[in-house]
2 protein chains.
Amino acid sequence: MATGRTHRPATRSRGIPEATVARLPLYLRALTALSERSVPTVSSEELAAAAGVNSAKLRKDFSYLGSYGTRGVGYDVEYLVYQISRELGLTQDWPVVIVGIGNLGAALAGYGGFASRGFRVAALIDADPAMTGKPVAGIPVQHSDDLEKIISEDGVSIGVIATPAGVAQQVCDRLVAAGVTSILNFAPTVLSVPDGVDVRKVDLSIELQILAFHEQRKAGEESSAEEGPEALAEPEPAAAVVAPAPRGTTGTTGRKGPDGDVPAVMPA
Amino acid sequence: MATGRTHRPATRSRGIPEATVARLPLYLRALTALSERSVPTVSSEELAAAAGVNSAKLRKDFSYLGSYGTRGVGYDVEYLVYQISRELGLTQDWPVVIVGIGNLGAALAGYGGFASRGFRVAALIDADPAMTGKPVAGIPVQHSDDLEKIISEDGVSIGVIATPAGVAQQVCDRLVAAGVTSILNFAPTVLSVPDGVDVRKVDLSIELQILAFHEQRKAGEESSAEEGPEALAEPEPAAAVVAPAPRGTTGTTGRKGPDGDVPAVMPA
DNA sequence: CCATCTTTGTGCACGCGTTCACAAAGACAT
DNA sequence: ATGTCTTTGTGAACGCGTGCACAAAGATGG
């Protein structure tokens with residue numbers, strides 16, 4: 001999930017593996033649910049089940065935060081909620097700007113998950129003059145000319161890019177130059193950023209393709225057991241009947257239209 | 001691999017590490033872009049740069065697919081596009097249903113990336129009767145009562161859940177029971193499914209929380225260098241003086257306090 | 001046909017993440 | 001207090017993924 005940039009020197013900054021950090025929000029969500037039901041304590045076994053992970057892993061994850069449990073009893077729900085929230089930095093307010101108010105940007109703007117977790121939509125930005133001033137999810141869209149001003153005035157450090165792929169890098173550069181140091185990218189592009197800036201990407205298309213891979217593998221196993229052995233996945237080097245032969249010019253490449261130009265929607 | 005086995009490329013199915021599969025779509029995207037520019041061949045170095053990965057990693061990834069490159073030259077773009085597409089199962093049509101046509105579901109429905117990669121939106125499903133029949137992105141929404149029928153008639157094996165968290169598991173169960181074996185979940189919930197069913201989740205809230213963690217760490221490092229050492233995140237074992245004490249019955253747990261941090265935490 | 005130069009394919013080592021299994025820490029009952 | 005019982009916290013082993021470094025393969029030029 002994480003983007004290629006940011007490496008983990010490991011030598012720097014104390015502990016907390018990246019994999020653990022990625023699971024903390026999951027634990028927090030499960031704990032919050034328990035908290036609402038006024039459940040006082042929970043064992044690693046129960047919480048692990050609720051979060052969909054292995055209990056040993058959960059205990060090890062928590063051990064990086066400290067010894068917050070009580071042997072023979074479990075973990076105090078409220079206490080853990082507080083500790084994890086603090087560790088994740090959710091005890092403070094994080095203003096966020098969303099750039100690119102198309103279908104997706106608008107959906108994100110209206111997403112309730114923002115406000116409830118300490119994240120506040122500080123501004124919606126779009127390059128289309130026709131959008132300027134128009135309220136989306138109760139927030140008026142501002143023009144991208146004011147991007148820098150908005151970022152600095154509100155002290156925004158987290159930016160969400162929901163623009164078409166074509167302009168994502170430019171937007172990214174401007175955000176970074178203006179002071180943003182964390183970016184959540186929904187555009188189907190690899191963003192390059194300077195050291196010190198974190199980028200995470202959410203890519204629908206990639207997720208679907210990964211599912212398709214597994215789906216095909218499942219189908220292939222079934223049929224190959226009784227059906228023709230070379231039904232689908234046959235990596236025969238010479239079987240390239242349809243495959244463009246090496247050196248072939250742009251022959252059957254006709255179907256790439258909606259790829260790099262996808263309007264404001266989702267990852268491609 | 002290569003455990004003395006004859007010189008068998010071991011290119012066979014079962015291989016392909018998960019990490020590699022997750023990167024194939026990235027390579028494919030970069031290759032497609034090159035293809036559109038009619039670039040005939042590309043070296044691992046160039047392609048790796050375009051995909052945002054290390055060239056050694058890219059070569060190793062490709063080695064799992066087979067030896068599709070030419071030493072001294074590089075990889076044939078068209079040929080690779082075909083091979084990766086085939087490996088990912090993109091040479092066939094994948095009907096997909098989207099359940100939950102709210103802001104997000106509608107945005108997903110309008111996403112152009114679907115069609116361009118072999119994914120076809122077979123149906124949009126929502127539980128709200130008021131939505132039934134209403135066209136979204138050119139496709140009429142169908143009522144969830146017909147979910148099973150839609151799945152089986154179109155032979156849908158991939159489902160996208162964009163419903164509220166509360167009903168996600170129910171929807172998931174129905175999809176699985178109807179024959180769906182791959183699910184892309186946008187609802188903030190842990191879905192439990194039987195073996196053989198793949199689930200991938202996309203969670204905006206989690207991504208933001210991970211960014212917040214790193215953001216806080218960056219800020220903490222800066223200030224701790226010259227400012228008070230216990231400014232923000234100091235998981236010192238003894239520093240828990242302020243946080244809600246474990247064991248203290250749920251009474252007045254909402255306490256907090258050393259240096260500015262908000263009360264308890266947040267709702268769901 | 002041989003020399004040289006480029007780029008792939010991969011053996012190997014290292015580090016992170018996962019899992020097991022168990023000793024230690026406490027709660028609780030007697 | 002002492003013993004028993006539950007559950008945490010973690011040492012250690014293992015496996016996967018990453019990146020290095022280089023030999024082999026093949027193109028290219030003489």
Side-chain angles (χ1 to χ4, degrees), chain A residues 1-24 26-27 40-49 51-77 79-80 83 237 246-247, chain B residues 1-11 14-24 26-27 40-49 51-77 79-80 83 235 237 245-249:
Chain A
M1 296 299 183
T3 307
R5 280 290 151 295
T6 322
H7 283 325
R8 204 111 264 310
T11 43
R12 193 67 205 78
S13 78
R14 60 153 164 17
I16 309 196
E18 195 55 36
T20 294
V21 172
R23 280 188 295 267
L24 291 181
L26 226 48
Y27 301 145
T41 62
V42 62
S43 69
S44 62
E45 204 69 52
E46 298 169 317
L47 185 54
V53 303
N54 166 307
S55 70
K57 190 185 295 183
L58 178 145
R59 288 198 299 278
K60 177 142 290 190
D61 282 341
F62 285 176
S63 77
Y64 291 117
L65 306 183
S67 291
Y68 297 148
T70 302
R71 300 181 189 223
V73 177
Y75 300 90
D76 181 90
V77 175
Y79 187 62
L80 252 193
Q83 290 298 344
R247 187 65 276 272
Chain B
M1 56 167 78
T3 316
R5 208 71 234 242
T6 332
H7 41 19
R8 236 279 98 182
T11 323
R14 290 307 178 325
I16 311 193
E18 195 54 35
T20 294
V21 173
R23 280 188 295 268
L24 291 182
L26 226 49
Y27 301 144
T41 62
V42 61
S43 70
S44 63
E45 203 70 51
E46 298 169 317
L47 185 54
V53 304
N54 169 307
S55 71
K57 190 185 297 182
L58 178 144
R59 288 198 298 278
K60 178 146 293 189
D61 282 341
F62 285 176
S63 77
Y64 291 117
L65 306 184
S67 291
Y68 297 148
T70 302
R71 301 181 189 225
V73 177
Y75 301 90
D76 181 89
V77 175
Y79 189 61
L80 251 192
Q83 291 299 343
R247 190 76 279 277
T249 317

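Within every chain, numbering begins at 1; the chains are lettered A, B, ... in the order of the sequence lines, protein sequences first and strands thereafter. From a predicted model like this one, the values you see are computed outputs, not experimental measurements.
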Any side-chain N or O of [X] less than 4.0 Å from the OP1 or OP2 oxygen of [N]?
{"X": "B:Arg59", "N": "D:dC20", "result": "no"}
{"X": "A:Tyr75", "N": "D:dG9", "result": "yes"}
{"X": "B:Asn54", "N": "D:dG17", "result": "no"}
{"X": "A:Ser44", "N": "D:dT8", "result": "yes"}

Whole angstroms only, please: what is the [atom1]-[atom2] distance between [X] and [N]?
{"X": "B:Phe62", "N": "C:dT8", "atom1": "CZ", "atom2": "P", "answer": "10 Å"}
{"X": "B:Asp61", "N": "D:dG19", "atom1": "CG", "atom2": "C1'", "answer": "12 Å"}
{"X": "B:Lys57", "N": "D:dA21", "atom1": "NZ", "atom2": "C1'", "answer": "17 Å"}
{"X": "A:Leu80", "N": "D:dT8", "atom1": "CG", "atom2": "P", "answer": "11 Å"}
{"X": "A:Leu47", "N": "D:dT8", "atom1": "CG", "atom2": "C1'", "answer": "13 Å"}
{"X": "A:Tyr79", "N": "D:dT8", "atom1": "OH", "atom2": "P", "answer": "16 Å"}
{"X": "A:Leu58", "N": "D:dG9", "atom1": "CG", "atom2": "C1'", "answer": "12 Å"}
{"X": "A:Tyr64", "N": "D:dT10", "atom1": "OH", "atom2": "P", "answer": "10 Å"}

Report task. Measure from the ring center of A:Tyr68 to the ring center of A:Phe62 and say whether it is less than 6.0 Å. Result -> no
Query raised in the report: B:Ser43 side chain: which of C:dT8, D:dT8, C:dG17 is closest?
Result: C:dT8
Report summary line: The reported gap from OH in A:Tyr75 to OG1 in A:Thr70 (rounded to nearest 0.5 angstrom) is 9.5 Å
Requested in this report: First locate atom CG of A:Asp76, then atom CD of A:Gln83, and finally report the distance between them rounded to the nearest 0.5 Å.
Outcome: 10.5 Å
Query raised in the report: Where each residue is assigned the nucleotide of DNA chain C containing its nearest heavy atom, which of A:Gly72 and A:Ala56 is assigned the position nearer the 5′ end?
Result: A:Ala56
Report task. Can you sort out the partners of A:Thr20 under side chain to side chain donor-acceptor pair (under 3.5 Å), two or more places apart, ordered by chain and number? Result -> A:Asp61
Report summary line: Heavy atoms of B:Leu47 and B:Val42 approach each other most closely as N-CG2, 3.6 Å
Query raised in the report: If you take atom types as modelled and just measure distance, does the side chain of A:Lys60 reach the base of C:dT18 with a donor-acceptor pair under 3.5 Å?
Result: no
Requested in this report: Determine whether any donor atom in the side chain of A:Arg71 lies under 3.5 Å from an acceptor atom in the base of D:dT8, or the reverse, and answer yes or no.
Outcome: yes
